[in-house]
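For this chain, numbers begin at 1 and follow the sequence in order.
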Amino acid sequence: MSISRFTCHFGVHSRLIKVASTDQLLVVKVAGVSALCQTQIVKSFTKSRLVSRSLSHLYEKVSAGERITEEDAVTLFRSGDLNSLGQIASIVRRRKNADRATYILNRYINYSNICVLSCQFCAFGARKRDPHAFEMAISEIEAATADSLRQGITEVHMVGGLHPTLPGEWYIQLLETLRALDPNLHIKAFTAIEIRHLADRVFKLPIQETLETLRRAGLNSLTGGGAEIFDPVVRDRICRGKETAEEWKDVHRIWHGMGERSTCTMLFGHIETIEQRVDHLRQLRELQDETHGFTGFIPFSFVPETTELSHIRAASAVDQLRTLAVSRIYLDNFDHLTGYWIALTLPVAQLSLAYGVDDLHGTLKEEKIFHMAGSKTPQEQTVETLERTIREAGFEPMQRDSYYRPMGLLRGTPSAVVA
């Protein structure tokens, strides 16, 4: 194994940075060379040394702004050269977002986990009589949101189970109550699966009329959950009875047709194949070509610990970084890729910024879905921690709004946790 060394300047701190893959190790000793020199060295070194010969044609393709194919994506997934994936993904990341990395001040609220479904991958859902079942009152949600508004949040993010008995009036009152707290609060709520449940079983209205009803009450955007893996064979094994990929996509298609935006997701690292991951990405890219309504993509790995699929080994950090990098390269019509620190852990999320990620999601509070499945990550982060995490990785931290628009650099933010 050969070890190459070069010197460059990343600011006032000197660090030893190791970039490792299966067949090479790069050691960069940071010292006093200008930023311009650093850029020139990295550019030439990247092309000649960090991108393997087997992937050089894809490096050139992406550098030229060409769209990669599903076969190309499979090739990237099967590559053992994590360095090259990061370098290629970084081309797209820099093209779209330069050296900026964002986060949002938000509050998570899971209003209930009572659900008519029994998905095998899910440790969150419950029947009404289950000991871990819960249901928040609107007054509780109002109080939690009001407290977080005082601490500076700009978004409340709400999802729950497919509740069998909550009436339509409850959802309308919930949205109207939160909207009354602050007209500028962005209410991001409900997965496409929840929307279909509300349309078919609660309001008994067509999808668009249901969405219009919720929008009038205060809904601003849809969450991206419920997508899992689109392949029907996989869905039958991990979430039997849940809506199909086409039904999930149709909700977002209708919402985008109303002039509104949403995010989208992929749950990976369970029983799916590489080809099924790529097919999921293909369907999202095609829908984005059609509607241009997705603001960002948020892939996250399956947490198996307390689920019916607990025998499955959790995705490694390498697999998580590989998936993020391939997603960034393949989804050329998406402006933003989020590294969800709740699933990744904050250290891996920090590293993901070198693999195509430009957003670390939010400050959060009391996230339940991943933690009930066995996640050991914190349930919230401070602004200071997120900004430090971003700066240490060599990027410029920026608070964003719910549409990923920068809100400007924060200065003098208090050290208290932002919920």
Side-chain angles (χ1 to χ4, degrees), residues 77 89 102-104 106 108 110 119-125 157 159 188 191-193 222-231 234-235 238-239 242 245 248 262-272 274 276-278 280-281 283-284 294-307 309-310 312-328 330-331 334 336-353 355-364 366-381 386 389 404:
F77 263 117
T102 58
Y103 61 89
I104 186 170
N106 64 348
Y108 259 37
N110 298 120
C119 298
Q120 291 85 340
F121 75 88
C122 182
F124 175 72
H157 180 126
V159 294
K188 182 177 182 179
T191 67
I193 308 304
L222 296 184
T223 73
E228 323 316 352
I229 288 287
F230 286 150
D231 185 88
V234 173
R235 294 182 84 79
I238 70 168
C239 53
K242 181 173 276 191
W248 184 95
S262 61
T263 52
C264 56
T265 63
M266 177 175 71
L267 180 70
F268 66 91
H270 39 85
I271 66 169
E272 86 288 353
I274 293 303
Q276 288 164 337
R277 287 189 200 180
V278 172
H280 187 98
L281 296 176
Q283 293 190 56
L284 290 177
F294 290 121
T295 53
F297 176 55
I298 311 169
F300 38 74
S301 60
F302 173 56
V303 179
E305 188 171 323
T306 64
T307 73
L309 303 176
S310 59
I312 294 175
R313 179 179 297 180
S316 67
V318 169
D319 191 23
Q320 291 174 325
L321 293 172
R322 179 185 294 115
T323 301
L324 287 163
V326 177
S327 298
R328 178 61 288 171
Y330 184 83
L331 296 176
F334 280 71
H336 302 288
L337 175 67
T338 289
Y340 190 46
W341 63 260
I342 282 284
L344 293 170
T345 75
L346 195 59
V348 177
Q350 181 183 53
L351 190 57
S352 75
L353 294 170
Y355 290 85
V357 165
D358 67 281
D359 176 70
L360 292 189
H361 208 276
T363 46
L364 308 181
E366 296 181 335
E367 191 282 335
K368 292 184 172 69
I369 295 176
F370 277 84
H371 286 87
M372 290 177 75
S375 175
K376 301 299 190 297
T377 58
Q379 291 189 320
E380 57 190 327
Q381 295 289 352
L386 291 176
T389 296
Y404 289 79

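The shortest distance between side-chain heavy atoms of N106 and T363 falls below 4.5 Å. Two residues are said to be in side-chain contact when any heavy atoms from C-beta on lie closer than 4.5 Å; T323 and F77 meet this criterion. When side chains are defined from C-beta on, T389 counts as touching L346, because their heavy atoms get closer than 4.5 Å. Side-chain atoms of L353 and L360, non-hydrogen and from C-beta on, do get closer than 4.5 Å to each other. Within the 4.5 Å cutoff, the side chain of H270 has heavy atoms near those of the V234 side chain. Side-chain contact between D358 and L337 is present, with at least one heavy-atom pair separated by less than 4.5 Å. Counting heavy atoms from C-beta outward, H280 and D231 have side chains that stay 4.5 Å or more apart.
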Query raised in the report: Can you list the steps and then say if R328 with F297 is a side-chain contact (heavy atoms from CB on, under 4.5 Å)?
Result: CA-CA 9 Å; R328 178 61 288 171; F297 176 55; over 6 Å; no
Query raised in the report: What do the steps show when you test Q320 against F268 for side-chain contact (heavy atoms from CB on, under 4.5 Å), and what is the final call?
Result: CA-CA 9 Å; Q320 291 174 325; F268 66 91; 4.1 Å; yes
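Residue G362 comes nearest to W341 through the heavy atom pair O-NE1, 2.8 Å, listed as atom of the first residue, atom of the second, then distance. Considering every non-hydrogen atom in both C264 and F294, the closest pair reads CB-CE2, 3.6 Å. In terms of heavy-atom proximity, V159 sits nearest to T223 at CG1-OG1, 3.6 Å. In plain terms, the two heavy atoms of F300 and A343 that are nearest each other are CB-CB, 3.8 Å. Looking at every heavy atom in both residues, P299 comes nearest to S327 through CG-OG, 4.5 Å. Shown here for S352 and L324, the closest heavy-atom pair between the two residues is CB-CD1, 3.7 Å.
Remark: M266 CE to E272 CD distance equals 7.0 Å, nearest 0.5 Å. Residue I274 holds its CD1 atom at 7.0 Å from CZ of R322, rounded to the nearest 0.5 Å. Distance check: D319 CG to S301 OG gives 8.0 Å after rounding to the nearest 0.5 Å. With rounding to the nearest 0.5 angstrom, the CD atom of Q276 is 12.5 Å from the CG atom of L281. With rounding to the nearest 0.5 Å, the separation of CD1 in I342 from CD in Q381 is 7.5 Å.
Taking the six-membered ring for Trp and the full ring otherwise, Y108 and H361 have centroids separated by under 6.0 Å.
Residues meeting the side-chain contact (heavy atoms from CB on, under 4.5 Å) test with L351, sequence neighbours left out: L321, Y355. With sequence neighbours excluded, the residues satisfying side-chain contact (heavy atoms from CB on, under 4.5 Å) with A192 are W248, V251, H252.
A donor-acceptor pair is defined here as one N or O able to donate and one able to accept, closer than 3.5 Å; such a pair exists between the side chain of T265 and the backbone of G224. Side chain of R235 to main chain of I238: no donor-acceptor pair is present (N/O by atom type, distance under 3.5 Å, no hydrogens or angles).
Ring pair H336/Y404 is parallel by interplanar angle, where below 30° counts as parallel and above 60° as perpendicular.
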